[in-house]
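Structure record follows, encoded as structure tokens.
Values reported hereafter were calculated over all heavy atoms of this structure, with side chains retained and with hydrogens, waters and symmetry mates removed. This structure is a prediction, so every number in the text was calculated from the model and none was measured.
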2 protein chains.
Amino acid sequence: MSRIEKPADSETARNPLRAGKPTLKTIAELTGFAITTVSRALGNAPQISESTRRRVHEVAAEIGYLPDRAAQRLKTGRTNVISVLLDPHEEILGFGTSIMHGLARALQATPYHLIVTPNFLDGSNVDAVNYIIRNGMADGLIFSRTEPFDPRVRLLLENGFPFVTHGRTEFSTPHAFVDYDNFAFAYEATKRLIVKGRRKVTIILPPKRLTFCQHMLHGFMTAVREAGVAYEIPEALDLDSPADMIRDYMRRRSTEPDAPDGYTCPGEVSALATITGMSDNGLSLGVEYDIVAKQTSRLLSQIQPKVETIYEDLKAAGEGMGSLLLQRIAGEPVEGLTILQSPQFSFPTP
Amino acid sequence: MSRIEKPADSETARNPLRAGKPTLKTIAELTGFAITTVSRALGNAPQISESTRRRVHEVAAEIGYLPDRAAQRLKTGRTNVISVLLDPHEEILGFGTSIMHGLARALQATPYHLIVTPNFLDGSNVDAVNYIIRNGMADGLIFSRTEPFDPRVRLLLENGFPFVTHGRTEFSTPHAFVDYDNFAFAYEATKRLIVKGRRKVTIILPPKRLTFCQHMLHGFMTAVREAGVAYEIPEALDLDSPADMIRDYMRRRSTEPDAPDGYTCPGEVSALATITGMSDNGLSLGVEYDIVAKQTSRLLSQIQPKVETIYEDLKAAGEGMGSLLLQRIAGEPVEGLTILQSPQFSFPTP
DNA sequence: CACAGAATTTAAAACGTTTTCGATGCATCG
DNA sequence: CGATGCATCGAAAACGTTTTAAATTCTGTG
């Protein structure tokens, strides 16, 4: 039972915060076992006897041992990091943070950390993806707003790198994704407008290059055809258009002949902009026209309850992406690893 | 010039992604220098001759060498990580992501990564802070919504851990912060209402426990006293109140006698909610009443240009916090490390 | 031309893990 | 009683970097 062998205080002096941080060696000395044994015991390896396993865990808990992430990462090559590619378009209405909260919840009891890699470069963030793959900066990747043949997805598939997207693609090779059923949303929303007796419907679509634009269009058109109702699609506008542009468009269009009276708005901002544009013209919601909107927060219906809304639960989406990614990293086959969220008719429980 | 010495392919087979990753050793072999020399040359150590320094950098760039973060972290004890504490209240209107984009921009050319630690626990996230300090999970910390005697700040000060807050405190020990001049905002906003001829002003304040609530109140009261105008402060409401609560309050209050006609709204949501509440009662903005609001995005003025707005540049705030934190980590004295953002009268350039 | 001293380079240890390969003890079996 | 198998445990190497201490080369000088 030798106690003190070397001075061993130089480190303490240099970096006070790292000072007494317990390591495997600490536990080894305290229990009398070898470092190997301690490591195995904490890893619940099979060849360790139940009694020493318990003893080691006990001591570890007592002194508040936590494995050093850097050492683990260096040794094993696994980073225990999941990277989120932040899109500049997600700045509005808490898209980014909702998903992140969900992700964080999924990773809560795991050793994984969440690191955000914002996109500084051009439209798509292939460079960031490439960087992460090449330099092993993460064990898995998460991003959103996919295109049918998204170059990021292609790159990741080619390299066999684990990832989950928010949104589908049209690659023949399957991959893990979480997506909202935007077909169902557009279909349902448009049908509601028709049921309300609206004679001509319209929809603000996402940018054409994004996969879910097609889904929405399809849902919208299906409802239109089933009912045989009139419709139009504003070509000059999309969901990413600035709110004032949408507002001005709506104001102008509603003065022209043959204006729509039923609006499907796939986002809070577009709905608010539409309402303002119309009311600038003296038209009021629920009287001359109706809106069914997609909500990701409570904001819109709290402010303007006359808007009919259908919810998308982004926190659940994040949580789903996290859990799918964990399964991918664990090596599970990609086959079942997809989630299609159904439109919700009441606000999701946080 | 020996070429192949050992098989050296076992790793390649096991982890294909880590395969040919160049290390210091690779460069050492390629240049003929020792690993030490290569390390020093890349670190631009003074004792290395200019010629070898250039040669090493050249080869490093050529083979795309990047230092292994795990090894650096293990050796030096520095994590090269900056942690952001995500607050659940920041879910709305891109607060979180704007700040994060700013932060990321400040850290762009540095080795620092941004990792988000969401707050799952009770109101304040002291536990998360404690965890990060104790286990050396980051080199610096960033968080927002400070209280006058914020327990997180206290903990960090006690441990000498580098951090920057968004918002001030009232500790006697100084610390780095970025804050918006909410006194100036409230003062200016309220004065504008008075200049417009409004007879009775009011303001929706932040939760009382937050430092900037006092600043706003002070700015508001200063303007009120200077002009000798009537005022009231809704006690049942704060900035964190759900939008429908604010809307309902405004609707009710505006029917009662002696209702205010000038509103200072320190947020987009509260402004929208106020507008809706008032218009539910047939009162219209710019006619029976006015609003001056704080905007952090373009949304509000795009939707409703009749709202007078004053901007807060959150991306710049993030960028400021990042650069202050870097200086703190580099050991600079805390004295000058504070930024007080002035209210902006036009939308900040992204 | 030897030599101090500066300038440059290097070998080796260390950071805290995981993992490979053995070692040890002990009961069982021929 | 020696050999065998099994259940546990341990010594040492390795991951890629930084750093300490020492070795080597180069310079000018006496």
Using only heavy-atom distances, determine whether the side chains of B:R73 and B:N80 contain a donor-acceptor pair under 3.5 Å.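 No, because no side-chain N or O of B:R73 sits under 3.5 Å from a partner of the opposite role on B:N80.
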Provide, to the nearest angstrom, the distance between the [atom1] atom belonging to [X] and the [atom2] atom belonging to [N].
| X | N | atom1 | atom2 | result |
| --- | --- | --- | --- | --- |
| A:L24 | D:dC9 | CG | C1' | 15 Å |
| A:L74 | D:dT17 | CG | C1' | 8 Å |
| B:K25 | C:dA12 | NZ | P | 14 Å |
| A:R78 | C:dT19 | CZ | C1' | 12 Å |
| B:Y65 | D:dG16 | OH | C1' | 7 Å |
| A:K75 | C:dT18 | NZ | P | 10 Å |
| B:I35 | D:dA23 | CD1 | P | 20 Å |
| B:F33 | C:dA11 | CZ | P | 13 Å |

Between [Y] and [X], is there a side-chain heavy-atom distance shorter than 4.5 Å?
| X | Y | value |
| --- | --- | --- |
| A:R69 | A:V81 | yes |
| B:V153 | B:F171 | yes |
| A:D68 | A:K21 | yes |
| A:N44 | A:H57 | yes |
| A:V38 | A:V59 | no |

Judged by atom type as modelled, is there a donor-acceptor pair below 3.5 Å linking the side chain of B:T79 to the main-chain atoms of B:D139?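 Between the backbone of B:D139 and the side chain of B:T79 there is a qualifying donor-acceptor contact (under 3.5 Å).
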I want to check one thing: is the phosphate of D:dC9, taken as OP1 and OP2, less than 4.0 Å away from some side-chain N or O of A:T36?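 Checking A:T36 against D:dC9: no side-chain N or O falls below 4.0 Å of OP1 or OP2.
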N/O (side chain, B:Q72) to phosphate O (OP1/OP2, D:dT18) under 4.0 Å: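 Indeed, a polar side-chain atom of B:Q72 lies that close.
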Heavy-atom nearest nucleotide on DNA chain C for A:P67 versus B:V38: which residue maps closer to 5'?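 Residue closer to the 5' terminus by nearest nucleotide: B:V38.
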Contact class for B:A71 vs. all strands (heavy atom < 4.0 Å): base, sugar-phosphate, or nothing?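 Here B:A71 touches the bases of the nucleic acid.
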For DNA chain D, which residues in residues 39-53 of chain B have a heavy atom at a distance below 4.0 Å?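 Going residue by residue through residues 39-53 of chain B, the ones with a heavy atom under 4.0 Å of DNA chain D turn out to be B:S39, B:R40.
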Out of the candidates B:L324, B:V129, B:L157, only one should pair with B:F163 under the side chain to side chain contact (heavy atoms under 4.5 Å, CB included) rule; please name it.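 The single option meeting the side chain to side chain contact (heavy atoms under 4.5 Å, CB included) with B:F163 is B:L157.
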So how far is it from B:R134 CZ to B:I132 CD1, rounded to the nearest 0.5 Å?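 Nearest 0.5 Å value for the CZ-CD1 distance: 12.0 Å.
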Degree of bending in the helix from C:dC1-D:dG30 to C:dG30-D:dC1 once both end axes are built from five pairs, to 10°: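 Here the helix ends are tilted 80° relative to one another.
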